[in-house]
Trainee: 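Handing you this structure, nothing more for now.
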Amino acid sequence: MLPRGRPRALGAAALLLLLLVIGFFLFRGDLDYERPRPRGTAAFDGDPPADPGGHNGSDCIPPRPRPPKCELLQVAIVCAGHNSSRDVITLVKSMLFYRKNPLHLHLVTDAVARNILETLFHMWMVPAVQISFYNADELKPQVSWIPNKHYSGLYGLMKLVLPSALPPDLARVIVLDTDVTFASNIAELWALFAHFSDKQVIGLVENQSDWYLGNLWRNHRPWPALGRGFNTGVILLRLDRLRQAGWEQMWKLTATRELLTLPATSLADQDIFNAIIKEHPWLVQPLPCVWNVQLSDHTLAERCYSEASDLKVIHWNSPKKLRVKNKHVESFRNLYLTFLEYDGNLLRRELFGCPRPPPPGAEQLQRALAQLDEEDACFEFRRQQLTVHRVHITFLPHKPPPPQPHDVTLVAQLSMDRMQMLEALCRHWPGPMSLALYLTDAEAQQFLRFVETSVVLSARQDVAYHVVYREGPLYPINQLRNVALAQALTPYVFLSDIDFLPAYSLYDYLRASIQQLELGSGRKAALVVPAFETLHYRFSFPSSKAELLALLDAGSLHTFRYHEWPRGHAPTDYARWREAQAPYHVQWAADYEPYVVVPRDCPRYDPRFAGFGWNKVAHVMELDAQSCHLPPAQAATVRVPHPPGIRAAGAAGGLRHPPAARPKPGHLPLPLQPHLS
């Protein structure tokens, strides 16, 4: 038998439970409305709610639309100069890594960037990527009247003219700064166009600093903006609507009006975009802030994300770039460095299920590769012959010397393990140089840091470095020589090797000899530079021919390879050279491989040679076949040995010599077998 009060207690509990259930259903909507929004979707004031009705979304709301699998996505980038060109490559790598759609890149460039990027993309041969170039110099007059304090200069204003600069049938485009890094598929960003209303023409992420609030310092007067304003590092543009709305007249009138009271733009195009949005707020579609996580010193970007998977696009929008202060900057920096050093060869992958025209020459190349026999003893050499290497010309800032009729460029090639020769070479040769470097993507960044930290190398602006990205097991020596030779800008070139240091006076002597011998008057001649070698790691370099002869007599110097391959330089006739006071004619002989000065339009090296042996012999033979006379110079070049174990800091392979043939103290490697396929 139950206690007397138990039925009443059970009844009260049942009634309370019933009231709770009824209350839950009655007030469910209000509870949902008060639930905090997830971080990473609408983190800033001004970000749109998840839906117009005030509810932040549920399982019933369909996912964001994705563009069709094979839809061509349009991307525009403004790029100028050597450094910006390198930034574009890192940005493109991050896009290609995640992308699943064909891309059409619209690159607004100056002449320097176009030369670099056109060469690189042509050799990269990435499937389903189209490239179009637009001349930035032709667009400068449209923005040159606007005073701009931003470090980007005139190029920082050129996004304003994209609606008129890009093809008139192009309706939508994603516009990116060169200092952004993707952490997701760009198709997700493209899909946000579907959120635009009929009046919206610009998609932007809110600015993640207090800049436009005007409270950063006393008398701070930013351009007008809506709230915090918007950042223009990532933009979605409805070009068709902008043209219909009279965009060109709109931005010019706004800029003219604001410049009556403000001396200049501080943030380039971003100031003008914000002034327009302040006046016409219905034009903008705010984007989720994860699509432009801005890493400046005083950024509020941490509100955008709670974990790494939230990130979509990282924007290094501080002049400090990777040195910016941020709680999570180490993680962001690691992501950036991953793409900076990522092997671009791995991005030459097909988009399966998206039939697109292959890059020029790709089909013929694939057919030729398919015909190779892996059982063939020369398989590696034949495959190397068909390898198309990515080439990044003028990898570092380069200022060509003013044109001179008898000027000479030193041309050479090297890999990572010969990097330590560069400083000595720059001390010995004060003239222009064109050097091809065979490096991986990671080694290219090590080389960049090596130059930046070298007082000698960073002071030279007349040395052009051209990176040929490593692919395959063989060293493409003649391809490298041809790259360096093709980029020489002076009338004459000195075809050398990285192991040789020219006499201090050689540059001036060669220019004078070219003029004296009248080589530029149609006379075919190749000026031979006598080659010597020393086996001493520490060596006092001769400053004159007399000192060189004294060292030769003392046994500190030798004619090059006199004891291993005398036929290679015997026709130079060193005995006659000792007594000669002027150039004399040299008779070509088989196996002759001197170092020569020739006109820039000389025959190119045979690229079928890979590895070592006979590659230079064949070139000199062709020079002789073209009736080039061979007078030797009265100055010289000296090969110096490499101390064992010395390599450039951080070198990660890419040895120029096979291990068995690397120089040892007191010895030189024997000539290898010819590698002609």
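Values below: all heavy atoms of this structure, side chains included; hydrogens, waters and symmetry mates excluded. All of these numbers come straight from a predicted model, not from anything done at the bench.
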Trainee: Are the side chains of Y465 and L437 in touch, meaning some heavy atoms are under 4.5 Å apart?
Mentor: yes

Trainee: Should we count CG of D198 as having more than 12 external heavy atoms under 6.0 Å?
Mentor: no

Trainee: Start with the C-alpha gap between L204 and N292, add the side-chain angles, then the distance that decides, and say whether side-chain contact (heavy atoms from CB on, under 4.5 Å) holds.
Mentor: CA-CA 9 Å; L204 293 167; N292 186 352; over 6 Å; no

Trainee: What's the separation between atom CD in Q249 and atom OG1 in T254, rounded to the nearest 0.5 Å?
Mentor: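 Going from the CD atom of Q249 to the OG1 atom of T254 covers 10.0 Å.
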
Trainee: Just how far is it from atom CD1 of I393 to atom NE2 of H398, taken to the nearest 0.5 Å?
Mentor: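 It is 11.0 Å, given to the nearest 0.5 Å.
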
Trainee: Check whether any side-chain heavy atom of L103 sits under 4.5 Å from a side-chain heavy atom of L96, and report yes or no.
Mentor: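 When only atoms from C-beta onward are counted, L96 and L103 do touch, with a gap below 4.5 Å.
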
Trainee: Give me the ring orientation class for W282 and H280: parallel if the planes are under 30° apart, tilted from 30 to 60°, perpendicular past 60°.
Mentor: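 Rings of W282 and H280: perpendicular, as their planes differ by over 60°.
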
Trainee: Evaluate the criterion salt bridge (Lys or Arg N to Asp or Glu O under 4.0 Å) for residue pair D441 and K93; output intermediate values, then yes/no.
Mentor: CA-CA 11 Å; D441 293 72; K93 282 182 181 179; 2.7 Å; yes

Trainee: How close do F182 and L335 get, heavy atom to heavy atom, and via which atoms?
Mentor: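 In this case the closest contact between F182 and L335 is O-CD2, 4.5 Å.
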
Trainee: Got a second to check how far K278's NZ is from F230's CZ, nearest 0.5 Å?
Mentor: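 Separation between the atoms: 11.5 Å.
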
Trainee: In terms of relative ring orientation, are F447 and F395 parallel, tilted or perpendicular, with 30° and 60° separating the classes?
Mentor: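 The rings of F447 and F395 sit tilted, inter-plane angle from 30° to 60°.
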
Trainee: Indicate yes or no for a side-chain donor-acceptor contact from N101 to the backbone of K69 under 3.5 Å, with no hydrogens or angles considered.
Mentor: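 Yes; judged by distance alone, with no hydrogens or angles, the pair exists.
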
Trainee: Side chains of V173 and R238, heavy atoms from C-beta outward: is any pair under 4.5 Å?
Mentor: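 No. Closest side-chain heavy atoms not under 4.5 Å.
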
Trainee: Once rounded to the nearest 0.5 Å, what's the spacing between atom OG of S331 and atom OH of Y305?
Mentor: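 Output value for this atom pair is 8.5 Å.
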
Trainee: Indicate yes or no for a side-chain donor-acceptor contact from N185 to the backbone of E188 under 3.5 Å, with no hydrogens or angles considered.
Mentor: no

Trainee: What I'd like to find out is whether the side chain of Y134 reaches to under 4.5 Å of the side chain of P167, using heavy atoms alone.
Mentor: yes

Trainee: Using a 6.0 Å cut-off, check whether atom NZ of K100 has over 12 heavy atoms from anything other than its own residue.
Mentor: no

Trainee: As a quick check of understanding, evaluate side-chain contact (heavy atoms from CB on, under 4.5 Å) for T181 and F332, giving each step before the final call.
Mentor: CA-CA 9 Å; T181 305; F332 298 143; over 6 Å; no

Trainee: Any chance you could measure L176, atom CG, to I235, atom CD1, to the nearest 0.5 Å?
Mentor: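 Here the interatomic distance stands at 9.0 Å.
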
Trainee: Passes salt bridge (Lys or Arg N to Asp or Glu O under 4.0 Å), D343 versus R470? Steps please.
Mentor: CA-CA 9 Å; D343 185 353; R470 200 167 79 190; over 6 Å; no

Trainee: About how many Å separate SG of C79 and CZ of R86, when rounded to the nearest 0.5 Å?
Mentor: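 Spacing of CZ (R86) from SG (C79) equals 10.5 Å.
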
Trainee: Find out whether I202 and W247 are in side-chain contact, i.e. whether some heavy atom of one side chain is under 4.5 Å from a heavy atom of the other.
Mentor: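 When only atoms from C-beta onward are counted, W247 and I202 do touch, with a gap below 4.5 Å.
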
Trainee: Do the non-hydrogen side-chain atoms of I477 and Q413 ever get within less than 4.5 Å of each other?
Mentor: yes

Trainee: Would you check if the side chain of Q294 reaches a backbone N or O of Q208 as a donor-acceptor pair within less than 3.5 Å?
Mentor: yes

Trainee: Just checking, is any N or O donor in the side chain of D310 or S306 under 3.5 Å from an acceptor N or O on the other one?
Mentor: yes

Trainee: Between S132 and H104, is any side-chain donor less than 3.5 angstrom from a side-chain acceptor?
Mentor: yes

Trainee: Ignoring hydrogens, what is the shortest heavy-atom contact between S164 and V161? Give both atom names and the distance.
Mentor: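 Taking S164 first and V161 second, the nearest heavy atoms are OG-O, 3.0 Å.
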
Trainee: Taking atom types as modelled and ignoring hydrogens, do the side chains of H195 and Q285 form a donor-acceptor contact shorter than 3.5 angstrom?
Mentor: no

Trainee: Given side chains that start at C-beta, do those of H315 and L295 come closer than 4.5 Å, heavy atoms only?
Mentor: no

Trainee: Looking only at atom types and distance, does a side-chain atom of S94 sit under 3.5 Å from a main-chain N or O of L91, one as donor and one as acceptor?
Mentor: yes

Trainee: Please assess R172 against D240 for the test salt bridge (Lys or Arg N to Asp or Glu O under 4.0 Å), listing each intermediate value before the final yes or no.
Mentor: CA-CA 7 Å; R172 295 178 292 174; D240 49 353; over 6 Å; no

Trainee: For F97, is there any backbone N or O sitting under 3.5 Å from a side-chain donor or acceptor partner on R349?
Mentor: yes

Trainee: Without hydrogens or angle criteria, can the side chains of D271 and Y212 be said to hold a donor-acceptor pair below 3.5 Å?
Mentor: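 Distance-only check passes for D271 and Y212.
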
Trainee: Quick one: closest heavy-atom pair of L283 and K199, and the distance?
Mentor: CD2-O, 3.9 Å

Trainee: Show your working on side-chain contact (heavy atoms from CB on, under 4.5 Å) between Q74 and L72 and close with a plain yes or no.
Mentor: CA-CA 7 Å; Q74 310 284 344; L72 181 64; 3.5 Å; yes

Trainee: Would you say T440's side chain and E443's backbone share a donor-acceptor pair under 3.5 angstrom?
Mentor: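 Yes.
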
Trainee: Between L236 and L189, what is the shortest heavy-atom contact and its length?
Mentor: CD1-O, 3.7 Å

Trainee: As a test of understanding, state which of V391, V92, T119 forms a side-chain contact (heavy atoms from CB on, under 4.5 Å) with W124.
Mentor: V92

Trainee: Just by distance, with hydrogens left out, do Q270 and N231 show a side-chain donor and acceptor under 3.5 Å apart?
Mentor: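 Looking only at side-chain atoms, N231 and Q270 do form a donor-acceptor pair, the distance falling under 3.5 Å.
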
Trainee: Side-chain donor-acceptor pair under 3.5 Å between Q384 and H389, yes or no?
Mentor: yes

Trainee: Between Y475 and Y438, is the ring centre distance below 6.0 Å?
Mentor: yes

Trainee: Would you check if the side chain of Q200 reaches a backbone N or O of S197 as a donor-acceptor pair within less than 3.5 Å?
Mentor: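 Yes: the side chain of Q200 pairs with the backbone of S197.
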
Trainee: State whether the side chain of D177 and the backbone N or O of V234 hold a donor-acceptor pair below 3.5 Å, judged by distance alone.
Mentor: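 No.
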
Trainee: Hey, are the side chains of V129 and P102 touching, using non-hydrogen atoms and a 4.5 Å cut-off?
Mentor: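 Heavy-atom side-chain distance check fails, nothing below 4.5 Å.
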
Trainee: Going by atom types only, do N345 and R390 share a side-chain donor-acceptor pair under 3.5 Å?
Mentor: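 The answer is yes; a qualifying pair exists.
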
Trainee: Checking R348 against E471 for the salt bridge (Lys or Arg N to Asp or Glu O under 4.0 Å) test, could you report, in this order, the C-alpha distance in whole Å, the side-chain angles of both residues, the deciding distance, and whether it holds?
Mentor: CA-CA 13 Å; R348 290 167 161 167; E471 185 174 6; 3.0 Å; yes

Trainee: Between E71 and W190, do the side chains contain a donor N or O and an acceptor N or O under 3.5 Å apart?
Mentor: yes

Trainee: Between D179 and N317, which heavy-atom pair has the shortest distance, and what is it?
Mentor: OD2-CA, 3.8 Å

Trainee: Please say whether more than 12 non-hydrogen atoms of neighbouring residues, nucleotides or ligands are located less than 6.0 Å from CD in E452.
Mentor: yes

Trainee: Do you know which two heavy atoms are closest between T394 and H82, and how far apart they sit?
Mentor: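 Distance-wise, the nearest heavy atoms are O-CD2, 3.3 Å.
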
Trainee: Applying side-chain contact (heavy atoms from CB on, under 4.5 Å) to L117 and I89, what does each step give before you reach the verdict?
Mentor: CA-CA 8 Å; L117 296 174; I89 300 307; 3.7 Å; yes

